[in-house]
Structure formats: structure tokens, C-alpha cells
Chemist: 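What follows is a single structure, and I will ask about it in a moment.
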Amino acid sequence: MGKKKGSKKRASKTKMTDEERAAAAAAQEIANKEAALKQAELATKFLREKLEKEEQYTRLSTKKLNTQWRAILRKAKAEELKKEIAILSQTFERVVDRKDAILKSLVRELDEAALQEDRLVQTHVAQVDQLVDMHESVMDKLHGEFGDGLQATQTEFLRERAAILERHERDLANVKDMLFAMNMQHEDFTNQTNAEYDSQRDEVLTKNIEEREQLKQELEQVITDLWEVFQQALTNYKQTTAQKQAEFEKLRADDIKSAATIERQTRKLNRLADKVAAMKAQIAHTQREVDERNRKLKQEKETVLMNFQTLKKRMNRNRTKNRERLLKLTVESRECMDVLAARKKKAEAVLQLCSRCRSLETEDEKVLPFYTETVTRDEIAAVEAAMGGPAEMDAPAAVPKDAAPAEGPVGLTPDGQPVTEFHMLDNFWKRFNKAQLDKVAIEKDEADLEDENFRLRSLLKQYLDGITVSESVLQQDNTLMVINGRTNGPMNHVPVGDRRVANANPHITVQNLALNAQQALARTAAR
């Protein structure tokens, strides 16, 4: 029994030992992993601390090197700027000396120009007096001609006007006489017509009265005969028709009245018809005569109106022509005055410009105002022979002594010959061309000075950017400017003597750190 129990215990112990062995192996493995992790963390921490120290050393060394390098650059820049400033000061002194010399020469020129201005003013006053006298003589002549023309025009106009008014009054008197004669003829004809009408009316009345009396007698006889017949018929009728007697009496009275009215109206209508026929004939005759007279009068009136319209048109044309002539003469006189005033103003402006130009002339220009011609007579003759005709010259052409004098004042050449109209401005164009050449030369000098000024300003700006701090300096690359231990300029050209700094790589990433940590753990596990 004891052996069996002991064997069971050994078997169970052997069995538990395997499990425990597996558990122990697992715990050992876990412990080894934890130890490896702790070692890796320690190595990572160590490497990080070492890396931070190296970065601090690198930054410190870089700052020291940058500070020393800036001092060297500032010193070199200062020496360079001192040399440039010395050169600029010498250049400025030379420019100032040249300006002083120019100012002194200008002062002398001003003094000489003042004297020449006085002489020019005297000459100008004399020429202006001559121009004024000439202008007054021309204006007096023009005013005299204008007054003569105006007086002749007024005299002719008044004469024609008096003739037209006299003719008009005569025609008007003739028309009034014709109208008066026509009125008198019309009154005579009216009176004659009224007298004929009264006589015919009296005859018609007398005739009507006689016919009425004769008809009355005849009717009375007929009425008497009929009365007897009517009385007999009445007696018979009364006897036969006693009832309708009252009605018959009434109708008879009405019949009598109607017969009398009809008779009266008939006579009246007959008389009126006769009168109307007579008056119609008389009116037709009178109308024919009146129409004939009216036609003649109308023709005469149209003739008079045509004559009147013709005279009126002629008078209006003369008035318009005289008005246009007067207006044209006035406008031309006004334009002449304006042109003379403009020429006077232009001459004054030219003289003022001449005086101003005289004040700006140099000594050489005052001594020799006009350059001499470089073209010789032989060259001019050669050009004329080559072109087949006379070539134009800038020099004034001489005028023969027996030639007719030109209108207006003319100038004289240095040898005493008069100058033609086409060569009067030759000296002006010479001086104008010389002034244009001087202007071009001054503009070129000005451009050169502007370029030099721009270059000096650039150098001065570079110097100021190196010694001052401004917003433009902060925005640009400048190795001398350090803010918070950093500079915005490239440092590739800065010499570095320290090996650690020279070999240091500032671009360290997380992968590099992890790779270094793994290598450190592998070395620790190997030990």
C-alpha cells in the first residue's frame, strides 16, 4: 500500500514538474522580454539625452561661429564702405568745384547780358516806334478808304430810295384816282337804275289800275246778269231747298272771300312775276357790265401789283446787297485789326523770348552768335552741276542793285546786301539748331549723372541695410541679422573648424532615432 502511494506521489510530482517547467519557462521569457524592454527604454532615453546634448552643443557652437563671422563681415563691410565714402567725397568735391566755376561764369554772363539787354531794349523801343508809326499810317489809309466807300454807298442808297419812293407815290395816286372814278361811275349807274325802276313801277301800277277798273265794270255787268239769274234760281231753290239755305249762304260768303283772296293774290303774283322777270333781265345786263368792269379793274390791279412786287424785290435786293457789302467791309476791317493785333502780340512774344535767350547765352555765343558756313562756293557749284539746276543755299542770296525794292522792311547781310524773304530766318535756325544740340548734350549728361546717382544710392542702401534694422532688411536674406538664435541667410559659405559641427546633420528624423535604439539594444543583448 505504501509503495503504491509513493509511486503515485512520484508520478504526480513528475507530471506537475513538466507544467511548472512550462510555466517557469513562460515566466522566464516574460521576464526576459520585460528586461529587454527596460534596457531598450534605457538605451532610448540615453540616446535621446545624448542627442539633446549634442544638439545644444551644436547650436551653441553655431551661434559662436556666426557671431565671430558677423564681426569679420562687419569689419570688412565697414572698410569697403569707408573706401567708397572717401571716393564719393572726392567726387562730390570735384562736382562742387565744377559747379562753382559754372556759377562764376554764369555771373559774368549775367553782367554782360544786362548790358546787352539795355542795348537791345533801346533797339527794340526804336523798332516798336517804327512799327507803331507804320501801323497808324496803314490804319489811317484804311479808315479813309472805308469812309469814302461808306459815303458813296450811302449817297447811292439815298438816291435810289428817293426815286423808288417818288415812283411809289405816283403809282399810289394813280390807283386812288382810278378807284375814285370807279366809285363815281358806280354811283351814276345806281342812280340811273333806280330812276328806271321807279318809272317802270309807276307805269305798271297805272296799267294795273286801268285793267282793274275795266275788269270791275265787266264783272259788275256779269254779276248783275247773274244776279237776276241767281235770284230766280234762288227763288226756285228756296222753294225747293229751304233747309239748306243757311248752309248755302255761309258757303257763298266763304266763296266770295276766297274768290276775292284768289283774285288779289293772282294779281299780286302776276305783278311780282313781271317785276322779277324785268329785274332779272336788268340784273343780268348790269352783271355783265359789272363783270366786264371788274375784269378790267382786276387786270389793272394785277399789273399794278406786279409792278409793285418787282419794285419791292429790286429794293430788297439792293438793301440786301448793301447790307452784305457793309457787313463784309465791317468783318474784313475787324479781321484786319485782329490779325494786326495778333502779329503785334506775336512780335512782342518773340522779342521777349529773344531777351530771355540773350540772358542765357554764353560768352562764346555773345562773341560769336552765329557759326560760319562750312559749305564752300565750289561745293555748291558741284552740287548744282550734279543735280542739273541751282541748289538752295542756307546763306542769303544777293539782290541786284537795280532790282525793284521788296514790299516791307528787309534785313541786310554782313556785306551790306539785302536779304530775300526766304532767307530771313537763316540766323534764327542756326541758333535754334545749336540750342537743340546743347539740349541733347545736357540730356545725355543728365542721364549719365542719374545712372551714377542710382549706383551711389544702391551702394549707400546696401551699407545702411548692413548697419540698420528695418522691415525691408527683415524680409530679405541677410546673414548678419540673428533673431532667437536663427538667421534667414544661407550659411553654406561659413567656414566651420569644429569637426562635430562640420559633421553634424541637423535633419534628424524619428526613423533614424529608432534605428539607433535598435542597434543599441542588439549590442546590449550580445553582451
Side-chain angles (χ1 to χ4, degrees), residues 170-309:
R170 186 170 61 253
D171 295 339
L172 186 62
N174 293 331
V175 171
K176 288 182 179 180
D177 295 337
M178 292 172 65
L179 290 175
F180 180 75
M182 289 174 62
N183 290 328
M184 294 299 294
Q185 290 179 1
H186 181 69
E187 290 178 358
D188 295 338
F189 177 74
T190 303
N191 294 328
Q192 183 180 0
T193 304
N194 290 330
E196 292 178 356
Y197 173 73
D198 292 336
S199 63
Q200 289 179 3
R201 186 183 63 181
D202 294 337
E203 291 177 358
V204 170
L205 289 174
T206 303
K207 185 177 180 180
N208 288 332
I209 292 170
E210 291 177 355
E211 290 178 354
R212 187 176 61 183
E213 291 296 332
Q214 184 178 359
L215 290 172
K216 185 177 180 181
Q217 292 176 3
E218 291 178 357
L219 289 172
E220 287 177 354
Q221 184 65 35
V222 173
I223 289 170
T224 302
D225 296 338
L226 291 173
W227 177 255
E228 292 177 356
V229 175
F230 285 159
Q231 288 296 328
Q232 186 177 359
L234 179 60
T235 302
N236 295 330
Y237 179 73
K238 286 180 178 180
Q239 292 176 359
T240 56
T241 58
Q243 297 179 356
K244 296 184 177 180
Q245 186 176 359
E247 295 178 0
F248 175 74
E249 292 294 335
K250 184 177 180 181
L251 291 172
R252 188 178 67 180
D254 294 337
D255 183 55
I256 292 170
K257 291 180 180 179
S258 299
T261 303
I262 289 169
E263 185 179 0
R264 187 172 59 255
Q265 294 294 332
T266 302
R267 289 196 300 270
K268 187 175 180 181
L269 288 172
N270 292 329
R271 288 197 300 272
L272 291 174
D274 295 337
K275 291 180 181 180
V276 167
M279 292 302 294
K280 283 183 178 181
Q282 188 175 1
I283 288 170
H285 180 70
T286 304
Q287 185 67 32
R288 285 194 298 273
E289 293 179 355
V290 171
D291 291 339
E292 185 66 22
R293 291 180 181 179
N294 289 335
R295 185 177 62 78
K296 293 180 179 180
L297 290 175
K298 189 174 182 180
Q299 291 178 355
E300 293 177 357
K301 181 180 179 182
E302 290 177 353
T303 304
V304 172
L305 287 175
M306 288 176 65
N307 294 329
F308 175 72
Q309 292 293 335

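Worth saying up front: this structure is predicted, and the values here are computed from it rather than measured.
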Chemist: Any ion pair linking Glu263 and Arg267 (charged N to carboxylate O, less than 4.0 Å)?
Modeler: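 Salt bridge present between Arg267 and Glu263.
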Chemist: Is it true that Glu292 and Arg295 make a salt bridge, defined as a side-chain N closer than 4.0 Å to a carboxylate O?
Modeler: yes
Chemist: By side chain to side chain contact (heavy atoms under 4.5 Å, CB included), which residues pair with Asp255, not counting sequence neighbours?
Modeler: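 Asp255: no side chain to side chain contact (heavy atoms under 4.5 Å, CB included) contacts found.
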Chemist: Atom CD of Glu228 and atom OG1 of Thr224: how far apart are they, to the nearest 0.5 Å?
Modeler: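 Those atoms lie 7.5 Å apart.
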Chemist: Is any side-chain heavy atom of Asn208 closer than 4.5 Å to a side-chain heavy atom of Arg212?
Modeler: no
Chemist: Starting at CE of Met279, measure out to CD of Gln200 and round the result to the nearest 0.5 Å.
Modeler: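 Met279 CE to Gln200 CD: 8.5 Å, rounded to 0.5 Å.
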Chemist: Can you tell me how far the OG1 atom of Thr286 sits from the CD atom of Gln192, to the nearest 0.5 Å?
Modeler: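 One gets 9.5 Å once the value is rounded to the nearest 0.5 Å.
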Chemist: List the residues meeting ring-ring contact (aromatic ring centres under 6.0 Å, His included) with Phe308, not counting sequence neighbours, and say none if there are none.
Modeler: His168
Chemist: I need the Leu215 CG to Glu210 CD distance, nearest 0.5 Å.
Modeler: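 It is 11.5 Å, given to the nearest 0.5 Å.
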Chemist: How long is the straight-line distance from CG of Asn270 back to CD of Glu211, given to the nearest 0.5 Å?
Modeler: 9.5 Å
Chemist: If we only count heavy atoms from C-beta on, is the Arg293 to Gln185 side-chain gap below 4.5 Å?
Modeler: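 Yes, at least one pair of side-chain atoms sits under 4.5 Å.
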Chemist: Test Val175 against Val304 for side chain to side chain contact (heavy atoms under 4.5 Å, CB included), laying out the working first.
Modeler: CA-CA 8 Å; Val175 171; Val304 172; 3.9 Å; yes
Chemist: Measuring from atom CD of Gln282 to atom NE2 of His285, what distance do you get when rounded to the nearest 0.5 angstrom?
Modeler: 8.5 Å
